[in-house]
Asks: 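This is the structure, below, for whatever I ask next.
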Amino acid sequence: MSTFKSEFMRTVHARGMVHQCSDAERLDELLATGPRVAYIGFDCTADSLHVGHLLQIMLLRWWQKTGHKPIALMGGGTTKIGDPSGRDETRQLLTDEQIVANMASIKGTFANYLTFGDGATDAVMANNADWLDTLLYIPLLRDVGRHFSVNRMLTMDSVRLRLERDQPLTFLEFNYMILQSYDFVELWKRHLCMVQMGGSDQWGNIVMGADLGRRMAGAELFALTSPLLATSSGAKMGKTAAGAVWLNGSRLSTYDFWQYWRNTEDADVGRFLRLFTELPLEEVARLEALGGAEINEAKKILATEVTGLCHGKVAAAQAAETARQTFEQGTLAADLPTVEIARARLQAGVPAFELFAEAGLADSKGEARRLIKGGGARVNDAAVTSETQPVSLTDTGADGRIKLSAGKKRHALVRAV
RNA sequence: GGAGGGGUGGCCGAGCGGUCAAUGGCAGCUGACUGUAAAUCAGCCGGUUUACACCUACGAAGGUUCGAAUCCUUCCCCCUCCA
């Protein structure tokens, strides 16, 4: 492990970020002798990346931090095909407009993790639509297709698993790995990019790209994948009540993002600190060793560190402070999610179930009613006993706000306007 | 192209003329216990509604019937075998 010569390989291995790597020794040598180029592709299937992508982003960040040049490849072209890896069903086809809009929305995330520019180790953003959109079918078949063995393609997990489970696989999707392979070669030609990284489900696609590069351009290309992430209790990472844990602040507030990490299971704290923060490993070891309730301190550090990288240190500190006031002091924090309700309505009194639904603490009025019936709703920390119990201006605190709580962790403020 | 099987709520998966907003499992929410953890136990888990009730939903559209997720027709999609 620690016998690696290059800082990158030492770091990512020590932090448990590597699942598989092709010819690690040779790659290590190359990395030790000068700046190299690596890329990771991100498909534009949603308008935000989520925590499932975070490990990949951290790989690019370490890549740059240890003296190399990262490329964030936006899958403007491949998203039109849909990666069949790891799924039993064909992805819903997105329109070109959706893809373009998603890409624009995703791009901002990288600015927080990577330094872009024209320097030797500055990050570059590319879009594979730039070369995939204009490909011609016959030349593609002759130049690229002849290097692919269908026999081999059928053994790839993404294909084999579909076939074994009698799930459909369209010819469209069957082509995905060819285009991803082509990307690798194209980036080699354009930027001398010699490494493709990705999640472990991408191993097959990446290795095919490396092979293609060798055949088409005589290039020596490498594959490096990160482990598949699950929480210790086995759940897929990144799911909450509200859905995925998004990286864009417009999809998930900084406070909620911070809370997600704060609520990490005990058993995951050390692992997550290594994977998603840049704290020195000795510090991680110390935090991880904390027992019992003390580990909560480690969770706060984890939350603030991860949030700091994603949303900035100021926003992270603010989220931490909001949480501290809310949970440790039981006071009202200023930047809890806030809804504004017309003064006149509050004057008259708003039924509690309506207010909870409007504040976003319940998805529907029915759910708000159930929440109240189940005893999980509180106004200013006093349990709501009746669904229709009116909440009015008289509930307003000194600072002009009413605090609503759904369960112990979800809070919102109501302000009369 | 021929023959057969199938498309059910976020997912898996029962149901096969009424008692079906649809068994069960997973996921999720709330409560208890705790440390804003896990595990465990309990309740909830389409929408509007105090409620009665109504609306939406079992691939799509029609039809039969007092009544259809369940039967018929057409269409779309998937799987298997044959060509």
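The basis for the numbers below is simple: all heavy atoms, side chains too, and nothing from hydrogens, waters or symmetry mates. Numbers restart at 1 for each chain; the letters A, B, ... are given by sequence-line order, proteins then strands.
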Asks: Find the distance K365(A):NZ to G46(B):P and express it as a whole number of Å.
Replies: 18 Å
Asks: What distance, rounded to whole Å, do you find between the two C1' atoms, one in U64(B) and one in C55(B)?
Replies: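 Result for the C1' pair: 25 Å, nearest Å.
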Asks: Does R369(A) place a side-chain N or O at less than 4.0 Å from the phosphate oxygens OP1/OP2 of U50(B)?
Replies: yes
Asks: If you pin Q259(A) and G407(A) to their nearest nucleotides in RNA chain B, which one's is more 5'?
Replies: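 Comparing both residues, the 5'-ward one is G407(A).
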Asks: Quickly work out the H411(A) NE2 to U30(B) C1' distance and round it to whole Å.
Replies: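 Distance, rounded to whole Å: 14 Å.
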Asks: Rounded to whole angstrom units, what separation is found between the CG atom of D268(A) and the P atom of A39(B)?
Replies: 11 Å
Asks: Is the gap between the ring centers of H411(A) and F327(A) under 6.0 Å?
Replies: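 They qualify: ring centres under 6.0 Å apart.
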Asks: I need the single residue from H19(A), Q56(A), Q202(A) that forms a side-chain hydrogen bond (donor to acceptor under 3.5 Å, both in side chains) with S226(A). Which is it?
Replies: Q56(A)
Asks: Return the stems involving RNA chain B, sorted by first number, where pairs are Watson-Crick (N1-N3 with N6-O4 or O6-N4) or G-U wobble (N1-O2 and O6-N3), both under 3.5 Å, and runs are 3 or more long.
Replies: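 Stem list for RNA chain B: B:1-7 with B:76-82, B:10-12 with B:24-26, B:28-32 with B:40-44, B:46-48 with B:53-55, B:59-63 with B:71-75.
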Asks: Could you give the distance separating U73(B) and G4(B) at their P atoms, to the nearest angstrom?
Replies: 12 Å
Asks: With heavy-atom distances below 4.5 Å as the criterion, would you say the side chains of R152(A) and M208(A) are in contact?
Replies: yes
Asks: When you compare A27(B) with A22(B), how far apart are their P atoms, in angstrom units rounded to a whole number?
Replies: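 Looking at atom P only, A27(B) and A22(B) are 23 Å apart.
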Asks: Considering only G35(B), U48(B), U34(B), which nucleotide approaches the side chain of K408(A) most closely?
Replies: U34(B)
Asks: Say you draw a straight line from CG of D23(A) to CZ of F222(A); how long is it, rounded to the nearest 0.5 Å?
Replies: 5.5 Å
Asks: Count the heavy atoms belonging to other residues, nucleotides or ligands that lie under 6.0 Å from CD of E25(A), then report whether that count exceeds 12.
Replies: no
Asks: With rounding to whole Å, what would you report as the distance between G13(B) and C76(B) at their C1' atoms?
Replies: 24 Å
Asks: Could you tell me how far A14(B) sits from C66(B) if I compare only their P atoms? Round to whole Å.
Replies: 33 Å
Asks: Testing T322(A), N263(A), T304(A), T307(A) for side-chain hydrogen bond (donor to acceptor under 3.5 Å, both in side chains) with W258(A), which one passes?
Replies: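 Single side-chain hydrogen bond (donor to acceptor under 3.5 Å, both in side chains) partner of W258(A) among T322(A), N263(A), T304(A), T307(A): T304(A).
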Asks: Expressed in whole Å, how much space separates the C1' atoms belonging to G6(B) and C12(B)?
Replies: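 That atom pair is separated by 16 Å.
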Asks: What distance, rounded to whole Å, do you find between the two C1' atoms, one in C33(B) and one in G17(B)?
Replies: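 These two C1' atoms come out 49 Å apart once rounded.
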Asks: Contact class for T264(A) (heavy atom, under 4.0 Å): base, sugar-phosphate, or nothing?
Replies: sugar-phosphate
Asks: Students often mix this up, so state it plainly: with edges at 30° and 60°, are the rings of F272(A) and F276(A) parallel, tilted or perpendicular?
Replies: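 Perpendicular, since the angle between the ring planes exceeds 60°.
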Asks: With respect to the side chain of R410(A), which nucleotide from C29(B), C33(B), G35(B) is positioned closest?
Replies: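 Looking only at heavy atoms from C-beta outward on R410(A), the closest nucleotide is C29(B).
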Asks: Could you please name the option among U48(B), U30(B), U36(B) that lies closest to any side-chain atom of K409(A)?
Replies: U36(B)
Asks: Going by an N to O cut-off under 4.0 Å, is there a salt bridge joining R286(A) and E283(A)?
Replies: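 The answer is yes: the pair qualifies as a salt bridge.
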Asks: Of E328(A) and L371(A), whose closest RNA chain B nucleotide lies nearer the 5' terminus?
Replies: L371(A)
Asks: Heavy atoms within less than 4.0 Å of RNA chain B: which residues of residues 381-392 of chain A have one? Give them sorted by number.
Replies: none
Asks: Quick one: sort the F171(A) and F174(A) rings into parallel, tilted or perpendicular, breaks at 30° and 60°.
Replies: tilted
Asks: Base, sugar-phosphate or nothing for R262(A)? Non-hydrogen atoms, less than 4.0 Å.
Replies: base
Asks: Return the nearest nucleotide to the side chain of S364(A); candidates are C44(B), G35(B), U48(B).
Replies: U48(B)
Asks: R370(A) CZ to U30(B) C1': how many Å, rounded?
Replies: 11 Å
Asks: As a test of understanding, state which of D43(A), N205(A), D83(A) forms a side-chain hydrogen bond (donor to acceptor under 3.5 Å, both in side chains) with Q180(A).
Replies: N205(A)
Asks: Do the charged groups of E186(A) and K189(A) touch, with an N to O distance under 4.0 Å?
Replies: no
Asks: Go through U36(B), U49(B), G35(B) for me and flag the one nearest to the A323(A) side chain.
Replies: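 Closest nucleotide among those given: U36(B).
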Asks: For C29(B), does either OP1 or OP2 sit under 4.0 Å from a side-chain N or O belonging to K373(A)?
Replies: no
Asks: Over 60° means perpendicular and under 30° means parallel, so tell me whether W63(A) and H68(A) are parallel, tilted or perpendicular.
Replies: tilted
Asks: Nucleotides 5-7 of chain B: which of its N/O atoms have a protein N/O under 3.5 Å away?
Replies:
none

Asks: E294(A) has an atom CD; how far is it from atom C1' of A37(B), in whole Å?
Replies: 15 Å
Asks: Is it the case that the side chains of D28(A) and S6(A) hold a donor-acceptor pair, with the cut-off being a distance below 3.5 Å and no angle test?
Replies: yes
Asks: C29(B) P sits how many Å from E367(A) CD, rounded?
Replies: 10 Å
Asks: Side chain of E265(A) only, please: which of G35(B), U36(B), A38(B) is the nearest?
Replies: A38(B)
Asks: Could you check if a side-chain atom of D183(A) sits within less than 4.5 angstrom of a side-chain atom of Y39(A), using non-hydrogen atoms only?
Replies: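 Yes, side chains in contact.
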Asks: Base, sugar-phosphate, or nothing: which does G292(A) touch, judged by heavy atoms less than 4.0 Å apart?
Replies: base
Asks: For D266(A) and U34(B), give me the distance from atom CG to atom P, rounded to whole Å.
Replies: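 About 16 Å, once rounded to whole Å.
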Asks: Tell me the interatomic distance from Q325(A), atom CD, to U36(B), atom P, rounded to whole angstroms.
Replies: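 After rounding, the reported distance stands at 17 Å.
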Asks: Can you tell me how far P in G62(B) sits from the matching atom in U70(B), rounded to whole Å?
Replies: 14 Å
